[in-house]
Amino acid sequence: MPTATSNEILPSAFYDRPALEVAHDLLGMRLVRLLGNNRLAGIIYEVEAYQGEEDLACHARVGKTARNAVMYGRPGLAYVYFTYGMHWCLNAVTGPGEIPSAVLIRGILPVEGLDIIAARRSGQPKSHWTDGPAKICAALGIDGQQNGADLCSTKDGLWVERGNPPPPETIQHGARIGIASVPEPWRSLPWRLWFTLPDQ
DNA sequence: TTTACGATCTAT
DNA sequence: TAGATCGTAAAT
């Protein structure tokens, strides 16, 4: 049985692979945020892969700009972007190598710092605390200041620890969300991955 | 400088 | 099902 309490931080090499592979392997891992003296964490259960300038759903489709520059950086950095005039979303930059790719973190199951998360998501039921990319950032206090943060170290207060990979038969996949105006085949590629947690 | 729209969320 | 709300990239 894999241990559920390991504090091993995923290294840069973990992210230096195609985004779809990294997305798959991030399922079951633990996203950790240090906010003041409080440790907040959740198990990643839904992700999406965005791979390179050729992927017309990827922010890198327009080439390198000030906004997406972090995606051209080292695998294992956080790419945090602002959207719809009010929301922040968190990605993990992936490889391989220089290819501007990332994995959008779309859903986590809160497991540490529940009181803080509840306060940050006041008014919402627990089931909706972190079931969307912008909700995760609101719950964990992630915004533009974390853009470019090193997910492979604790120095920026945001990292990912090794957890328990889900049983392969529980993993599902489908089209990515919110890209209706993107042409095929990109719109329908099954690059959103998720798994159903035992308790839900 | 103006315009159109978005890897979303919430209340209705 | 529509409104919120503003940075970004492309058009003017």
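We name chains A, B, ... by the order of the sequence lines, and we start the count at 1 in each one.
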Requested in this report: Check whether the aromatic ring of Y50(A) stacks on the base of dA7(B), taking stacking as ring centres less than 5.5 Å apart and planes within 30° of each other.
Outcome: yes
Report summary line: To the nearest angstrom, the OH-P distance between Y81(A) and dC6(C) comes to 18 Å
Query raised in the report: What is the distance from CE of M71(A) to C1' of dT8(C), rounded to the nearest Å?
Result: 13 Å
Report task. Have a look at L104(A) and say if it touches a base, only the backbone sugar-phosphate, or nothing, with a 4.0 Å heavy-atom cut-off. Result -> base
Report summary line: Quick note, side chain to side chain donor-acceptor pair (under 3.5 Å) partners involving residues 126-146 of chain A, not counting sequence neighbours, are D131(A)-K135(A)
Query raised in the report: Is there any side chain to side chain donor-acceptor pair (under 3.5 Å) pair reaching into residues 97-106 of chain A, and which pairs are they, with sequence neighbours excluded?
Result: E46(A)-R106(A)
Report task. Rounded off to whole Å, could you give me the NE2-to-C1' distance for the H87(A) and dC5(B) pair? Result -> 14 Å
Query raised in the report: Which of the following nucleotides, dC9(B), dA9(C), dA4(C), is nearest to the side chain of P133(A)?
Result: dC9(B)
Requested in this report: By nearest nucleotide on DNA chain B, pick out whichever of G178(A) and H128(A) is the more 5' one.
Outcome: G178(A)
**Report entry** Members sharing I9(A)'s hydrophobic cluster (side chains within less than 4.5 Å)
**Finding:** V32(A), L34(A), W159(A)
Query raised in the report: In whole angstroms, how far is the C1' atom of dT8(B) from the CD1 atom of I136(A)?
Result: 12 Å
Requested in this report: Please work out whether the ring planes of Y81(A) and Y79(A) are parallel, tilted or perpendicular, with thresholds of 30° and 60°.
Outcome: tilted
Query raised in the report: Using the C1' atom in both, what is the distance from dT5(C) to dT3(B), to the nearest Å?
Result: 16 Å
Requested in this report: Select one nucleotide: of dA11(B), dC9(B), dA7(B), the one nearest the side-chain heavy atoms of K135(A).
Outcome: dC9(B)
Query - Presence of salt bridge, E53(A) and R61(A), under 4.0 angstrom - result: no
Query raised in the report: Does S181(A) make a side-chain N or O approach to OP1 or OP2 of dC5(B) shorter than 4.0 Å?
Result: no
Query raised in the report: To the nearest Å, how far apart are N91(A) CG and dT8(B) P?
Result: 11 Å
**Report entry** Salt-bridge criterion met for R176(A) and D55(A) (N-O under 4.0 Å)
**Finding:** yes
Query raised in the report: For R176(A), which contact category applies under a 4.0 Å heavy-atom criterion: base, sugar-phosphate, or nothing?
Result: nothing
Query raised in the report: What interatomic distance, in whole Å, is found between C1' of dA2(C) and the corresponding atom of dC5(B)?
Result: 16 Å
Requested in this report: Respond yes when some side-chain nitrogen or oxygen of Q124(A) is under 4.0 Å from OP1 or OP2 of dA11(B), and no when none is.
Outcome: yes
Query raised in the report: From the list dT8(B), dA9(C), dA7(B), which nucleotide is the closest neighbour of the side chain of A134(A)?
Result: dT8(B)
Query - Any R192(A) side-chain N or O less than 4.0 Å from OP1/OP2 of dA7(B) - result: no
Query - Under 3.5 Å donor-acceptor pair, Y84(A) side-chain atoms to dA4(C) base atoms - result: no
Query - Rounded distance (Å) that lies between atom C1' of dG7(C) and atom CH2 of W88(A) - result: 9 Å
Report task. For the side chain of V62(A), starting at C-beta, report the closest nucleotide among dG7(C), dT8(B), dA10(C). Result -> dA10(C)
Query raised in the report: Roughly, in whole Å, what's the span from CZ in R67(A) to C1' in dT8(C)?
Result: 6 Å
Requested in this report: In whole angstrom, give the distance that lies between atom CG of L56(A) and atom P of dG6(B).
Outcome: 14 Å
**Report entry** Under-4.0 Å side-chain N/O to phosphate OP1/OP2 contact, T83(A) with dT8(C)
**Finding:** no
**Report entry** Base-pair map of DNA chain C as dot-bracket, where | denotes pairing with a different strand and pairs are Watson-Crick or G-U under 3.5 Å
**Finding:** ||||.||||||.
Query raised in the report: Is R17(A) positioned over the aromatic face of F14(A), cation under 6.0 angstrom from the ring centre and no more than 45 degrees off axis?
Result: yes
**Report entry** Counterpart residues, salt bridge (Lys or Arg N to Asp or Glu O under 4.0 Å), relative to R33(A) (two or more places apart)
**Finding:** none
Query raised in the report: What residues form a side-chain contact (heavy atoms from CB on, under 4.5 Å) with A102(A), not counting sequence neighbours?
Result: M71(A), N91(A)
Query raised in the report: Any side-chain N or O of R121(A) less than 4.0 Å from the OP1 or OP2 oxygen of dT10(B)?
Result: yes
